[in-house]
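Computed over heavy atoms, backbone and side chain alike; hydrogens, waters and symmetry mates excluded. Counting convention: from 1, in listed order, for ligands and their atoms alike.
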Amino acid sequence: MQKFLTAVTMSAAALLLLAGNALAAPNTQPAEMARFDGDVVVRVQPRGDADLRLLEQLSDDPWTCGPSATGAVDYRISREQLATLTLHGVPFSVLIEDVQALLDADLAERNQPFENRAYFDTYADYTGVSNYVNTLVATYPGFVARISLGNSVEGREIFGMRVTSPVPPIGGVRKPVVVLNSLQHAREWITVTSNLYTTTELLSKYNTDAAAKSILDQYELVIIPITNPDGYVYTWTNNRLWRKNRRVTGTSTRGIDLNRNWSVGWGLSSGSSGSLSSDTYRGPSPFSEPETQVLRNYMLGVPKVVAHIDLHSYSQLILRTWGYQYADPIGLASINRIGSAMRDSVAATTGAAYTFGGSEILYLASGTAPDWVFGTLGAFSVTAELRDTGTNGFVLPTSFIVPTGNDVLSMVKTMIQKLCRADFNKDNVVDDSDFVNFAVAYETLTTNACDLTGDGITDDADFVVFAAAYEQLICP
Ligand code: 0X9
Ligand code: ZN
């Protein structure tokens, strides 16, 4: 084991060089790439429905999907349309002066030669990300296994990784699982790099960082970097600002919002749309899309999912459940304890200010992944909206890749450290009622909540895990 671990540490340095070479060809912009000459992004403070309707007429590209806590909305419009806003007295400020210039600058930066570039110096396309997963498998043998969840609408593989220290080995009795998925929304590129950065950091620090070791020893991470492969490819080849999947829904309409297609809370017009052309079109039925189906099926096949983060951008928020309603979720105190610790740990490590809260800090969203994970699997689940707060929005310069990756690394570490397995009834204290509840559920075996080892059966080993956590009588 010792010899093996030394090999792991040594290969971490080699990884960065290797990974640079594993990237796809330089980023050339195809002739058919959508252009946004003369467009700006505005942050509007609507005075009422009339202002919102005016914006919907002016723009087919909202950058936010509803008013935020402050009531503000971001839209891409043409520079000429600023006069219309002024004419109607609509309060606004310009967030991005020249969208095409931002895209051009971004492409020019990414077009620099790859020689001597490390993986996290730039964004990688679908093939580049897939190659990087293979690089991690090769670099950390026994720690990383590639998985294939199924295919997208256009037939692309939705791939991922199982990441854990090989004690017990992958394939043996399964540890409790933490799921991190990114890029349900195609244009939110920073989510992919942040997910892979977090994974890489935990692996490469296994021998030097006790927290990384403890996480990989106790849990298995399931990483799905590109949940929406067709959308992602489309943002590289045709339109950098595409959000949904690429389902053909009509002669001129395309795409279903995957984060409105999950079954819990599905179909509400308060947090989704039934209109084919909308950026929050929910689809004809829950799980109508293969991309959400395969992720759901994978999670249902895992004995014990204990936590999940659905990575998005932008706004710097950590959103707890529920997304589809303002009503309190069961175990709110426990959720708040974990979520606020995540927010605080990011501020302490990277200095980035994230806000933690429920839908009141953004807007209602119906049919989201975290609501399904929490509502169906009973696991702690949040949406993380990564950087920035609007200066660059979705077109985040490459200089943000490592800092934002560190935000997510910090969130993930803290979330896992704060999971409290002895707080069985999730009331945020460990006391006799947890022991009683656990014992009753264990005796009657009416729930799989007692399967704390995550091996699919409830047996003595689960009681041992519970008792060990309970002995400490404290949530971390
Ligand atoms: O609207 C979404 O799907 C997410 N925001 S994004 O800008 N990335 O599209 C937020 C989803 C979670 N929302 C709530 N919990 N309210
Ligand atoms: Zn999103």
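In this structure, atom 15 (N) of ligand 1 lies nearest to the protein heavy atom G323 CA, 3.5 Å. Among all non-hydrogen protein atoms, the one lying nearest atom 5 (N) of ligand 1 is E385 OE2, 2.5 Å. For atom 12 (C) of ligand 1, the closest non-hydrogen atom of the protein is T383 OG1, 3.5 Å. Counting protein heavy atoms only, atom 13 (N) of ligand 1 is closest to A365 CB, 3.6 Å.
Using a 4.0 Å cut-off between charged side-chain N and carboxylate O, K244 and E291 make no salt bridge.
When you scan the N, O or S atoms of H185 for the one nearest the Zn ion (ligand 2), you land on ND1. Taking the Zn ion (ligand 2) as reference, the nearest N/O/S atom within H312 carries the name ND1.
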Step-by-step side chain to side chain contact (heavy atoms under 4.5 Å, CB included) determination, Y132 to Y119: CA-CA 8 Å; Y132 187 70; Y119 187 80; 3.4 Å; yes

Pair S410-S345, side-chain hydrogen bond (donor to acceptor under 3.5 Å, both in side chains): steps then yes or no: CA-CA 6 Å; S410 182; S345 74; 3.1 Å; yes

W266 vs Y324, ring-ring contact (aromatic ring centres under 6.0 Å, His included): CA-CA, chis, key distance, verdict: CA-CA 8 Å; W266 185 88; Y324 81 98; over 10 Å; no

When you look at F394 and W189, which way does the ring-ring contact (aromatic ring centres under 6.0 Å, His included) test go after all the steps? CA-CA 7 Å; F394 304 114; W189 288 11; over 10 Å; no

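Taking distance alone, with nitrogen or oxygen atoms compared against 3.5 Å, H312 approaches ligand 1 more closely than that limit. Residue Y363 has at least one N or O atom closer than 3.5 Å to an N or O atom of ligand 1.
Although no hydrogens or angles enter the test, the distance criterion places no donor-acceptor pair under 3.5 Å between the side chain of R174 and the main chain of K304. With hydrogens and angles disregarded, a donor-acceptor distance shorter than 3.5 Å links the side chain of D121 to the backbone of A118. Distance alone, capped at 3.5 Å, is enough to place a donor-acceptor pair between the Q81 side chain and the S78 backbone.
Heavy-atom contacts of R243 reach the following atoms of ligand 1: 1 (O), 2 (C), 3 (O), 6 (S), 9 (O) (cutoff under 4.0 Å). Atoms of ligand 1 found under 4.0 Å from any heavy atom of E188, numbered from 1 in the order shown, are 6 (S), 8 (N), 9 (O). Annotation for ligand 1: atoms under 4.0 Å from non-hydrogen atoms of S313 are 7 (O), 8 (N). Atoms of ligand 1 lying under 4.0 Å from any heavy atom of N259, numbered from 1 in the order shown and given with element: 2 (C), 3 (O), 11 (C). Listed by number with element, the atoms of ligand 1 under 4.0 Å from a non-hydrogen atom of S359 are 14 (C), 15 (N), 16 (N).
Taken from CH2 in W63 to CZ in R76, the straight-line distance is 7.5 Å, to the nearest 0.5 Å.
Look at E188 and the Zn ion (ligand 2): an N/O/S atom of the residue is under 2.8 Å from the metal.
Cation-pi geometry between R343 and F356 is not met at under 6.0 angstrom from the ring centre and within 45 degrees of the axis.
Between atom 3 (O) of ligand 1 and the options R187, Q184, E360, R260, the minimum heavy-atom separation is to R260.
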